Q: 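Below you'll find the structure I mean.
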There are 2 protein chains.
Amino acid sequence: MNTQTIALHLREHNLKVTPQRLKIVESLNTYGHLNIDMLYAEVQKSYPSVSLATVYKNIALMTEKQLLEEVKIPESKSVFEVKKAPHHHLHCRRCGKIEDVVIDCSGICRIAEEKSGYLVERTETVFSGLCPDCRSGS
Amino acid sequence: MNTQTIALHLREHNLKVTPQRLKIVESLNTYGHLNIDMLYAEVQKSYPSVSLATVYKNIALMTEKQLLEEVKIPESKSVFEVKKAPHHHLHCRRCGKIEDVVIDCSGICRIAEEKSGYLVERTETVFSGLCPDCRSGS
DNA sequence: CATCAAACGATAATTATTTTCCTTAAATAA
DNA sequence: TTATTTAAGGAAAATAATTATCGTTTGATG
C-alpha cells in the first residue's frame with residue numbers, strides 16, 4: 001500500500017494527513033503488528049523529534065476511528081494492526097512473532113451462543129505456541 | 001470451595017497461607033472474574049488496611065505459580081480468575097459481565113496449525129457481544 | 001495565499017505498577 | 001508450645017505507562 005492510498009485512507013476516516021500518521025500506518029503495513037514502543041522507534045527513524053505523546057494520541061485516535069485495531073496478546077504487550085477483515089492471531093512464545101490467520105469461527109461461535117444465550121458479535125482468538133522456525137530449533 | 005481447601009491449594013503451590021491471599025482467592029471463587037481494582041476493593045472490605053501493593057504482589061505471584069490466570073479482554077482491563085481446565089470467555093459489551101464457556105476448539109486449532117505451520121499449545125478465545133439480560137433490554 | 005481547525009512537541013500531570021525497607025506473621029522443628 | 005527462620009505485609013518511594021495542557025506549527029479549504 002503506497003503513501004497516496006494511505007493518505008486517502010486517513011481522509012476517509014476524517015483524519016488529517018500528517019507525516020507522522022503516514023509513517024505509523026506505513027510501519028504497520030510493513031511489519032504487520034507493532035506495540036507502542038516499536039512504533040515509536042519506527043517513527044523516530046524518519047522523524048527523530050517525534051514525541052511519544054504524538055504516537056499515543058494518534059494510535060488512540062486511529063483506533064477510535066476504526067483505522068487501527070488493538071490486539072491483546074496473553075503474557076505480552078498489546079500490539080496494533082491496520083484494521084482489516086475479521087481474522088485471528090498466532091503468537092510464537094519463543095520469538096514473539098505475531099501473524100494473522102483467517103479461520104472460519106462461525107461454528108464455535110454458534111455453539112457459544114447456544115450454550116450461553118449471548119448474542120456474539122465478535123470473536124477474538126489468539127493461538128499461542130511455536131512458529132515454524134522456532135519449532136525446528138532455528 | 002471452602003477456606004481449608006483454598007489453604008491447601010495455596011500450600012500445594014508453595015505459597016504461605018495468609019488472610020489476604022485467602023480473601024483474594026475467595027473473591028475470585030465468588031465472582032469468577034475481577035480486575036485489580038475490584039479485587040483490591042474486595043480485600044479491603046475484610047482488611048481495610050490492606051496495601052494495593054500486596055494485591056499486586058500476590059496476583060503476580062499466584063499467576064506465576066499457576067494458581068491464577070490473567071484474561072485479557074478487548075477494550076477493557078484484564079481480569080483474573082482461578083486457573084481451571086481450559087475454557088473460553090464471553091464478554092458483554094453492555095454490562096461488562098464476563099463468563100466462562102467450555103467449547104472444544106480442537107478443530108479450529110488444528111486448522112490454524114495446518115494453515116500456519118505453527119505448533120499450537122494454547123488457544124484463547126473471547127466472544128464479545130450481549131449477554132441474555134442485555135439482549136432483552138433489562 | 002489567508003483563515004481556521006486540528007496536530008505537533010515539550011512538558012506536566014495523572015495513573016498504574018514495582019521496588020524498597022522495616023515490621024509482622026506463618027511455617028517448621030525443637 | 002515456643003524459638004527460629006523465612007516469607008509476607010504495609011507504607012512510601014521509585015519507576016513506568018498513559019493522558020492532558022498549552023503554545024506553536026501545519027494541513028485543509030476557499
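Keep in mind that this is a model prediction, so the values were computed, not measured.
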Q: For the pair made of CG in B/Asn35 and C1' in C/dT15, what is the distance, rounded to whole Å?
A: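 Between C1' of C/dT15 and CG of B/Asn35: 14 Å.
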Q: How long is the gap from CG on B/Leu68 to CD1 on B/Ile24, to the nearest 0.5 Å?
A: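 One finds 8.0 Å between CG of B/Leu68 and CD1 of B/Ile24.
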Q: Drop me the distance from A/Arg11's CZ to A/Ile6's CD1, to the nearest 0.5 angstrom.
A: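 That separation rounds to 12.0 Å.
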Q: Listing time: all N or O pairs from protein to nucleotides 21-24 of chain C that are below 3.5 Å?
A:
none

Q: Can you tell me if A/Gln20 touches the phosphate of C/dG9, counting only side-chain N or O atoms and a distance under 4.0 Å to OP1 or OP2?
A: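 The answer is yes; a side-chain N or O of A/Gln20 sits under 4.0 Å from OP1 or OP2.
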Q: What pairs meet the ring pair (Phe, Tyr, Trp, His ring centres under 6.0 Å) rule with one or both residues in residues 6-28 of chain B, with sequence neighbours excluded?
A: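 Passing the test, one end in residues 6-28 of chain B: B/His9-B/His13.
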Q: How bent is the helix from C/dC1-D/dG30 to C/dA30-D/dT1, comparing axes over its five end pairs at each side, to the nearest 10°?
A: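 For the helix from C/dC1-D/dG30 to C/dA30-D/dT1, the axes at either end differ by 50°.
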Q: Is a salt bridge present between B/Glu42 and B/Lys45, judged by a nitrogen-to-oxygen distance below 4.0 Å?
A: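 Counted as a salt bridge, because a side-chain N and a carboxylate O are separated by less than 4.0 Å.
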Q: Near DNA chain D, which residues from residues 2-18 of chain A have a heavy atom under 4.0 Å away?
A: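 A/Arg11, A/Lys16, A/Val17, in order of number.
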Q: Residues two or more places apart in sequence or in another chain: which of them pass salt bridge (Lys or Arg N to Asp or Glu O under 4.0 Å) with A/Glu75?
A: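 A/Glu75 satisfies salt bridge (Lys or Arg N to Asp or Glu O under 4.0 Å) with B/Arg122 once adjacent residues are dropped.
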Q: Rounded to the nearest 0.5 Å, what separation is found between the CD atom of B/Gln44 and the OG atom of B/Ser49?
A: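 Spacing of CD (B/Gln44) from OG (B/Ser49) equals 9.0 Å.
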Q: Please give, in whole Å, the distance from C/dT17 C1' to B/Asn58 CG?
A: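 Atom CG in B/Asn58 sits about 15 Å away from atom C1' in C/dT17.
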Q: For A/Arg94, enumerate each residue passing the salt bridge (Lys or Arg N to Asp or Glu O under 4.0 Å) test, keeping only those at least two apart in sequence or located in another chain.
A: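 So A/Arg94 forms no salt bridge (Lys or Arg N to Asp or Glu O under 4.0 Å) with any residue.
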Q: Per the salt bridge (Lys or Arg N to Asp or Glu O under 4.0 Å) rule, what does the pair list look like for residues 83-93 of chain A, sequence neighbours excluded?
A: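 Of all non-adjacent pairs touching residues 83-93 of chain A, those that pass salt bridge (Lys or Arg N to Asp or Glu O under 4.0 Å) are A/Glu81-A/Lys84, A/Lys84-A/Asp100, A/Arg93-B/Glu121.
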Q: Round to a whole Å and report the spacing from CD of A/Gln44 to P of C/dC8.
A: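 Rounded to whole Å, this separation is 15 Å.
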Q: When rounded to the nearest 0.5 angstrom, what distance separates CD in A/Glu64 from CD1 in A/Ile59?
A: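 It comes to 13.5 Å.
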Q: Rounded to the Å, how far apart are B/Leu52 CG and C/dT15 P?
A: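 So the CG-P distance, B/Leu52 to C/dT15, works out to 14 Å.
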Q: Whole angstroms only, please: what is the CD-P distance between A/Glu64 and C/dA6?
A: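 Distance, rounded to whole Å: 13 Å.
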Q: With B/Leu10 as reference, evaluate B/Lys16, B/Arg21, B/Lys65 under the side chain to side chain contact (heavy atoms under 4.5 Å, CB included) test and give the passing residue.
A: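 That would be B/Arg21; it is the only one of B/Lys16, B/Arg21, B/Lys65 passing the side chain to side chain contact (heavy atoms under 4.5 Å, CB included) with B/Leu10.
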Q: Please answer whether the main-chain N or O of A/Tyr118 pairs with a side-chain N or O of B/Arg135 as donor and acceptor at a distance below 3.5 Å.
A: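 Such a contact is found between B/Arg135 side chain and A/Tyr118 backbone.
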Q: Which of residues 22-31 of chain A sit near DNA chain C, with a heavy atom under 4.0 Å from it?
A: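 None - not one residue of the stretch has a heavy atom sitting under 4.0 Å from the strand.
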Q: Could you give the OH-to-C1' distance, from B/Tyr56 to D/dG9, as a whole number of Å?
A: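 After rounding, the gap between these two atoms is 17 Å.
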Q: For the residue pair B/Glu70 and B/Ser78, confirm or rule out a side-chain donor-acceptor distance under 3.5 Å.
A: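 Yes.
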Q: Mind listing the residues from residues 70-81 of chain A sitting with a heavy atom below 4.0 Å of DNA chain D? Number order is fine.
A: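 The answer is none.
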Q: Of all the heavy-atom pairs spanning A/Cys105 and A/Thr123, show the shortest one and how long it is.
A: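 Heavy atoms only, the tightest pair is CB-CG2, 4.5 Å.
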Q: Start at the 5' end of DNA chain C and walk down; is the nucleotide closest to A/Ser49 or to A/Leu61 reached first?
A: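 Closer to the 5' end of DNA chain C: A/Leu61.
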Q: Among residues at least two apart in sequence or on other chains, which ones pass side-chain hydrogen bond (donor to acceptor under 3.5 Å, both in side chains) with B/Ser106?
A: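 Scan of B/Ser106 (side-chain hydrogen bond (donor to acceptor under 3.5 Å, both in side chains), adjacent residues dropped) gives B/Asp104.
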Q: Does the side chain of B/Thr63 come under 3.5 Å of the side chain of B/Glu69 through a donor N or O and an acceptor N or O?
A: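 On atom types as modelled, these side chains do not qualify, holding no pair under 3.5 Å.
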Q: Specify the separation, in whole Å, of atom CZ of B/Arg21 and atom C1' of C/dA25.
A: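 Checked: the CZ to C1' distance equals 12 Å.
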Q: Taking atom CG of A/Leu22 and atom CD of A/Glu26, what is their separation to the nearest 0.5 Å?
A: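 It comes to 6.0 Å.
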Q: Can A/Leu61 be reached from A/Leu8 by stepping across I, L, V, M, F, W or Y side chains whose heavy atoms are under 4.5 Å apart?
A: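 As far as the 4.5 Å side-chain criterion goes, A/Leu61 and A/Leu8 are not connected within one cluster.
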Q: Extract from the structure each pairing of a protein N or O with an N or O of nucleotides 11-14 of chain C at less than 3.5 Å, listing the distance.
A:
none

Q: Separation of B/Ile59 atom CD1 from C/dT17 atom P, in whole Å?
A: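 It is 10 Å, rounded to the nearest whole Å.
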Q: Crowded around B/Tyr31 OH? As in, over 12 foreign heavy atoms under 6.0 Å?
A: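 Atom OH in B/Tyr31 is not packed in, count stays at 12 or less.
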Q: Report the residues that fulfil ring pair (Phe, Tyr, Trp, His ring centres under 6.0 Å) with A/His33, sequence neighbours left out, ordered by chain and then residue number.
A: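 A/His33 satisfies ring pair (Phe, Tyr, Trp, His ring centres under 6.0 Å) with A/His89 only.
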